[in-house]
Novice: 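Below is the structure I would like to discuss, written out as C-alpha cells.
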Amino acid sequence: MELPKAYDHSQVEDKIYQTWLDSGYFNPDKLPDAEKREPFTIIMPPPNVTGTLHIGHALFATIQDILTRYQRMQGKRALWLPGTDHAAIATQSKVEAELYKKEKKTRFDFQREEFLKMVEDFAQTSHDTIIGQLKRLGASADWSREAYTLDEPRTLAVRTAFKAMYDDGIIYRGARIVNWDPKLKTTVSDDEIEYKEQADPFYYFKYGPFVIGTVRPETKFGDKYVVMHPDDKRYEQYKHGQKIELEWINGPLTATVIKDEAADMAMGTGVMTITPAHSAIDFEIAKRHGLDIEQVIDDRGCLLPIAGEFAGQHIKKARPLIIEKLKNKGLIEKVDEKYVHNLATNSRGGGIIEPQIKEQWFIDVNREFAIKHSEIAGIAAGQMVTLKQLMRHVVSEGLIKIIPEHFEKIYFHWIDNLRDWCISRQIWYGHRIPVWYRTAPSSTSEGRTQERLQQIYCGVEAPKEDGWQQDSDTLDTWFSSGLWTFSTLGWPDKQAKDLQAFHPTDVMETGYDILFFWVARMILMTTYHIGQIPFKTVYLHGLVRDKDRQKMSKSKGNVIDPLGVIDTYGTDALRFALIFSTAAGNDIPLAEEKIKGMKHFANKLWNISRFVMTNLAESGIKNQEFSLEAKTEADKEILAKLETTIKSATKNLDTFNLHEAAQEIYQFTWREFADVYLEASKTQLADEKLKANTQAILKHSLIQILKLLHPFMPFITEYIWQLMKEQNLLEKNDLIIISSWPK
RNA sequence: GGGCAUUUAGCUCAGCUGGUUAGAGCGUUGCAUUCACAUUGCAAAGGUCGCAGGUUCGAAUCCUGCAAUGCCCACCA
C-alpha cells in the first residue's frame, strides 16, 4: 500500500468522526463492559446560543475532550454531557439589536409570543452551528444526552427548584434597590455590572450654607436631607434633625440635617445630599434614619413630576438645562470639568445602570434553614445552615478542589461579600417565574375601586382555577445554569439512573471569568437541592489572547477563527497548539505560527508511522509477538525513555498538567523516537541478528506514542491506528478511542 | 481603597513539593540532504531567571521589602 508523503487532514477528519459516531462509544452505556467500569463525568458548560463558537470555545472543548478521552482509555465509563444555554438576556438583546438595526423596531412593537418566536428561531440556528463546530473540534461528547437550559426537562427542574426554595423561605419577594437598565428595561445582578471609566464635569452647588458635589445634577430635585459625619468639626454647629430653609433648583426647600458615619470627611466638602431612590448607599442611609424615599427618574430614564418644569424630559437632555438654571440662580460654586469616575453599565447589553427601587425576587444567602438531606462531609441532615455557609464549607474542607488553587481565595472573598441574589428579570426570553397572582377589586378611601393583590401561588404547574395571572418576569439565566450538573442527569427524579450513576460529577472545566456567575451558583444550588457537591474538581482555564497578549476582538482584527484554522491546519494541530503551553488559570497567547508548527508535528507523526509501517510490512512480519529485549544501547535507551514518558505523562494528566503531558509526549516522539531511535534502527534493520527485535521495538513504541497522543490529537492517531489494523499490525480489531492507556 | 496574580532567551511562554551544564515553540546564523519527512536533519549564537536583602550545604524555585505590569472586587455623594 502506497502512503502519501504528506498527511492531509482534510481527507481524514470527517470520516474518522463518523466512524466514532457509528461506534456509539461516545455514549458511556455502549462502551465494552460498561457496567464494570467506574464512572467519570464531565458536564459541558453550555455555550450561549448567541452566535458561533470562537477560539475560547475551542479551548474548553479541547481540554474537556482530552480529559474525557484519557479517562475512557483508562477504562472509565466516561460521560461528557453536552448542551447549550439559552442565555436569556444575552440572546434576547442580540435579537433586539438586530431588529433595531434592520427594522428600527423594539420588542414592544410585537406581541410577547411573536417576539419569543423570533428569539427561538435565532437560538435554534445558533445551536445548530455550535453543535456542528463542536463536532469538527473532535468532541467525543454523548450527543444522545444533549440538553438545553430552556427545554422541557430543564423547565421542570427550574420550577421544582424555585418552589422548593420558595417554600423554605430562601426565595422571597421584596422591594430593594436594584440595578435597573433603562435600555433593556430590566434589572441585572451585581455580577453583571461592568464599570467603565469616564470623564464628566463635577459640579459644586450651594445648598444653603453648604457646598455639595455631584456628577448627576438631574437626581438632585428631591434632595431634602443633608448628611455629614458626626465627628466632623467643621459642621459642629449643625445638629442632627435640624431644619434649614434654603433655595434650591425649583424654589425654596426645607432641608433636614442628618449625622451619619457614611459621610466621608475627607471627600470634597464632607457634606452630601442624598437620593435614596437612585443610590444604593443613600438608600441604606435613608432606611437607617427612616427618611422619605422619592423616585425622581422613571424606568425609561425620564424625570418625574418632582422635577417640576423638567418633568418628562430624559435625564441626558435635562442635565444641561438644569445646570443652566442653577447657574442663573447663582447656585453653582465651581465646576471641575474633567472629573474621572466609574460609570456602571450592563455588561450584557450596554445600558447605563440607573439604580431603582423595585419589587423583585431574591435568593436569601444568609437565611438559616434545616438542610433536608446531606451527603456532604461535615454537614448532617437536619442541621441549620445558610447557603453562604454551604458554599464556603465544601471548598474550605477540600471537598471541592479548585485548580489553580489561588482562585480558592478569590472564591472565599466573593462569598464573604455576597449579598442576596436578585433573580428576576423583566425580559421575555427565559424561564417564567412560576408564581401566580390573584387580585380582587377593592375600594380605596376616595371611593374608587382598584385591583388589590389577594393571593400568591407558587407551583410547578399553573393553578387550575380561573383568575390567576402569572408573574410576567423571567429568571436570571444563571438560575437554570446553576442546576446544570444535576438537571442534565434527570433531576428532579431523584431515582433517575443517570443521577445515581454520574453525580457528583468529576470535573467542572470552565473559564475563570465565570467562577462567580456560575461555578459558585452551581455549588449553591447543588448543595441545597440534593445535598451533594456538584463536582470534585474545578479546573479553570484562561482566556485565549493573541501573540501580544491582547484580547481577541473583531474591532482589533486579531481574531483567530477556529473553523478557518481547522481548514488550513487541521483540528489536531489547533488542539495541540491550544494545549501546548497552557498552565491552568493562565491566559493563553496563540499565534497562527504556533498552530502551523503543530501541523508540522502531525506530519512528523505521519512520516514516523509511514516509516515504521513500511519496514514492518515489507519484511512480511505481521501480527506476531516479539520480545522487547533490548539488544543494543539504542534499544535500551528508547525503551527506558518510553517508560519514563508514559509514567510522567500519566501523572501530569492525573494532576491536570495537560500542557506538560503534551510537551513530554511531543519531545519523546520527535527528539527521542524520530531523531535518535529511527536513525539507529536503519542500521539495526540491516543486521539480520537485530532486525526482528528492532521491528518489535519500533512497533511497540509507535503504538504507545499513538495512544499517548490520542487524547490530544484524536483524528490522526485514530487514522494511523486504522491503517495499522488494515496491515494486520494490531492484535485487536478495535478503535484507538477505546484502547487501553499505556502503563 | 481592598484583594489576586505576573516579571525566565529577540518574541510567546513552560519549569511540579529547592538538588548536576535553566527548557520548548517561533525567529536568527552556518552546514547537510535522491536513502520516512524540506511540513527535514545536524550544529551554533542568545539568559547576572525584575531589583535589593534573608533562610539554606545549595535558590528561577522558600521568606521579607521595593518596582513595573495585568486582572478581580468595592466605590467616589
Side-chain angles (χ1 to χ4, degrees), chain A residues 3-8 190-191 193 195 202-205 212-216 219-220 223 225-228 260 262-264 266-275 278-282 285 339-342 344 404-414 416-418 512-513 515-516 542-543 545-549 551 569-570 573 576-577 580-583 585-615 648 651-652 655-657 659-660 662-664 666-667 670-671 674-676 678-679 681-682 698:
Chain A
L3 297 170
K5 284 190 171 191
Y7 171 69
D8 182 1
D190 294 340
D191 298 297
I193 302 291
Y195 290 95
F202 189 87
Y203 303 97
Y204 291 90
F205 298 136
I212 58 158
T214 186
V215 273
R216 302 204 54 197
T219 64
K220 296 284 156 200
D223 287 13
Y225 300 104
V226 57
V227 184
M228 58 209 71
D260 192 287
D264 186 347
M267 182 80 75
T269 57
V271 179
M272 63 177 176
T273 61
I274 56 168
T275 315
H278 302 289
S279 153
I281 290 193
D282 294 2
I285 297 172
Y339 174 77
V340 178
H341 64 130
N342 286 321
E405 207 181 329
H406 75 257
F407 278 101
E408 292 187 0
K409 285 185 208 163
I410 300 176
Y411 174 83
F412 291 135
H413 186 256
W414 180 80
D416 293 342
N417 292 301
L418 187 62
Y512 64 69
D513 50 333
L515 177 63
F516 307 139
L543 268 42
R545 294 170 180 269
D546 76 1
K547 62 178 167 42
D548 302 317
R549 281 191 138 268
K551 255 189 188 163
Y569 304 108
F576 216 69
F580 199 68
S581 58
T582 307
N586 283 11
D587 289 350
I588 300 120
L590 184 72
E592 200 166 322
E593 296 84 72
K594 195 158 157 190
I595 306 170
K596 195 174 159 191
M598 294 310 164
K599 183 188 154 79
H600 295 177
F601 177 59
N603 194 60
K604 188 75 186 180
L605 178 66
W606 172 251
N607 276 294
I608 289 169
S609 307
R610 211 156 63 92
F611 176 85
V612 174
M613 281 191 277
T614 312
N615 275 291
S648 183
K651 192 182 155 209
N652 279 323
T655 50
F656 300 94
N657 286 313
H659 62 289
E660 291 209 49
Q663 287 187 25
E664 283 164 353
Y666 175 99
Q667 285 298 312
W670 200 321
R671 300 302 154 209
D675 289 349
V676 180
L678 240 57
E679 291 308 318
S681 78
K682 286 175 187 171
L698 284 173

Novice: With a non-hydrogen cut-off below 4.0 angstrom, is A:Asp675 in contact with a base, only sugar-phosphate, or nothing?
Specialist: sugar-phosphate

Novice: With heavy atoms under 4.0 Å as the rule, sort A:Leu678 into base, sugar-phosphate or nothing.
Specialist: base

Novice: What's the OH-C1' distance between A:Tyr512 and B:G3, to the nearest Å?
Specialist: 15 Å

Novice: What residues, two or more places apart in sequence or in another chain, satisfy side-chain hydrogen bond (donor to acceptor under 3.5 Å, both in side chains) together with A:Glu660?
Specialist: none

Novice: Looking only at the side chain of A:Phe516 (C-beta and beyond, no hydrogens), which of the listed nucleotides B:U17, B:C72, B:A36 gets closest?
Specialist: B:C72

Novice: In terms of the nearest nucleotide of RNA chain B, which residue is placed more toward the 5' end: A:Phe407 or A:Ala674?
Specialist: A:Phe407

Novice: Can you list everything that forms a side-chain contact (heavy atoms from CB on, under 4.5 Å) with A:Lys596? Sequence neighbours excluded, please.
Specialist: A:Tyr569, A:His600

Novice: Starting from C1' on B:C42, measure out to CH2 on A:Trp670 and report it in whole angstrom.
Specialist: 14 Å

Novice: B:G18 and B:G54: how far apart are their C1' atoms, nearest whole angstrom?
Specialist: 15 Å

Novice: OH of A:Tyr7 versus C1' of B:A36: gap in Å, rounded?
Specialist: 17 Å

Novice: Kindly list each side-chain donor-acceptor pair under 3.5 angstrom involving residues 605-612 of chain A, sequence neighbours excluded, with atom names and distances?
Specialist:
from     : atom 1 : to       : atom 2 : distance (Å)
A:Trp606 : NE1    : A:Pro4   : O      : 2.8
A:Asn607 : OD1    : A:Arg610 : NE     : 3.0
A:Asn607 : OD1    : A:Arg610 : NH2    : 3.0
A:Asn607 : ND2    : A:Lys5   : O      : 3.2
A:Asn607 : ND2    : A:Asn603 : O      : 3.2
A:Ser609 : OG     : A:Leu605 : O      : 2.8
A:Arg610 : NH1    : A:Leu3   : O      : 3.3

Novice: Heavy-atom distance under 4.5 Å between the side chains of A:Leu515 and A:Trp414, does that happen here?
Specialist: no

Novice: Kindly assign one of parallel, tilted or perpendicular to the pair A:Tyr203 and A:Phe205, based on the angle between their ring planes and the thresholds 30° and 60°.
Specialist: parallel

Novice: Contact class for A:Phe202 (heavy atom, under 4.0 Å): base, sugar-phosphate, or nothing?
Specialist: sugar-phosphate

Novice: For A:Lys220, give me all partners under salt bridge (Lys or Arg N to Asp or Glu O under 4.0 Å), at least two apart in sequence or on another chain.
Specialist: A:Asp223

Novice: Name all residues meeting the side-chain contact (heavy atoms from CB on, under 4.5 Å) criterion together with A:His413; count only those two or more places apart in sequence or in a different chain, and write none if there are none.
Specialist: A:Asn417

Novice: Got a list of protein N/O to nucleotides 23-26 of chain B N/O distances below 3.5 Å?
Specialist:
from  : atom 1 : to       : atom 2 : distance (Å)
B:G25 : OP1    : A:Arg671 : NH2    : 3.3

Novice: Which nucleotide, if any, forms a Watson-Crick or G-U wobble pair with B:U28, using both distances under 3.5 Å?
Specialist: B:A44

Novice: For a quick check of understanding: with a heavy-atom distance under 4.0 Å over all strands, which category does A:Glu660 fall into, base, sugar-phosphate or nothing?
Specialist: sugar-phosphate

Novice: My understanding is that a pair needs two contacts under 3.5 Å, Watson-Crick or G-U wobble. By that rule, which nucleotide pairs with B:U7?
Specialist: B:A67

Novice: Within the structure shown, what part of the strands sits under 4.0 Å from A:Thr273 by heavy-atom distance: base, sugar-phosphate, or nothing?
Specialist: sugar-phosphate

Novice: Mind calculating the distance between CG (A:Asn657) and P (B:G15) to the nearest angstrom?
Specialist: 8 Å

Novice: OP1 or OP2 of B:C75 sitting under 4.0 Å from any side-chain N/O of A:Tyr195?
Specialist: yes

Novice: Need to verify one output field. Residue with the more 5' nearest nucleotide on RNA chain B, A:Val227 or A:Trp414?
Specialist: A:Trp414

Novice: For nucleotides B:G25 and B:G46, find the distance between their C1' atoms and express it as a whole number of Å.
Specialist: 16 Å

Novice: In whole angstrom, give me the gap between the C1' atoms of B:A59 and B:G19.
Specialist: 10 Å

Novice: Once you apply the 3.5 Å cut-off to both distances, tell me the Watson-Crick or G-U wobble partner of B:C62, or none.
Specialist: B:G54

Novice: What is the separation between atom NE2 on A:His406 and atom P on B:C16, rounded to the nearest whole Å?
Specialist: 16 Å

Novice: Searching all strands shown, indicate the nucleotide that pairs with B:U21 (Watson-Crick or G-U wobble; both distances under 3.5 Å).
Specialist: none

Novice: Please tell me which of the listed nucleotides, B:C4, B:A36, B:C73, lies nearest to the side chain of A:His413?
Specialist: B:C73

Novice: Distance check needed: B:A74 P versus A:Ile410 CD1, whole Å only.
Specialist: 13 Å

Novice: Angle class for the A:Phe601/A:Tyr666 ring planes (parallel below 30°, perpendicular above 60°, tilted otherwise)?
Specialist: tilted

Novice: Can you tell me how far NZ of A:Lys599 sits from NZ of A:Lys604, rounded to the nearest 0.5 angstrom?
Specialist: 15.5 Å

Novice: For nucleotides B:C13 and B:A60, find the distance between their C1' atoms and express it as a whole number of Å.
Specialist: 15 Å

Novice: Pick one: which of A:Ile274, A:Val271, A:Thr269 meets side-chain contact (heavy atoms from CB on, under 4.5 Å) with A:Ile212?
Specialist: A:Val271

Novice: Starting at atom CG of A:Asp190, determine the distance to atom P of B:C72, rounded to an integer number of angstrom.
Specialist: 16 Å

Novice: Classify A:Lys682 by what it touches in the nucleic acid, base, sugar-phosphate, or nothing, heavy-atom distance under 4.0 Å.
Specialist: base

Novice: In whole Å, what separates the C1' atom of B:C11 from that of B:A67?
Specialist: 24 Å

Novice: Once you apply a heavy-atom cut-off of 4.0 Å, does A:Ala263 come out as touching a base, just sugar-phosphate, or nothing?
Specialist: base

Novice: Roughly how far apart, to the nearest Å, are B:C42 and B:G58 at atom P?
Specialist: 39 Å

Novice: Output the rounded distance in Å from CZ (A:Phe601) to P (B:G41).
Specialist: 12 Å

Novice: Who is the Watson-Crick or G-U wobble partner of B:U34, with both distances under 3.5 Å?
Specialist: none

Novice: Mind checking the C1' distance from B:U21 to B:C26? Whole angstroms is fine.
Specialist: 25 Å

Novice: Considering only atom P, compute the distance from B:C57 to B:A24 and round it to an integer number of Å.
Specialist: 33 Å

Novice: Does A:Lys604 reach a base, just sugar-phosphate, or nothing at all? Heavy atoms under 4.0 Å.
Specialist: base

Novice: Which base sits across from B:G1 as a Watson-Crick or G-U pair, both distances under 3.5 Å?
Specialist: B:C73

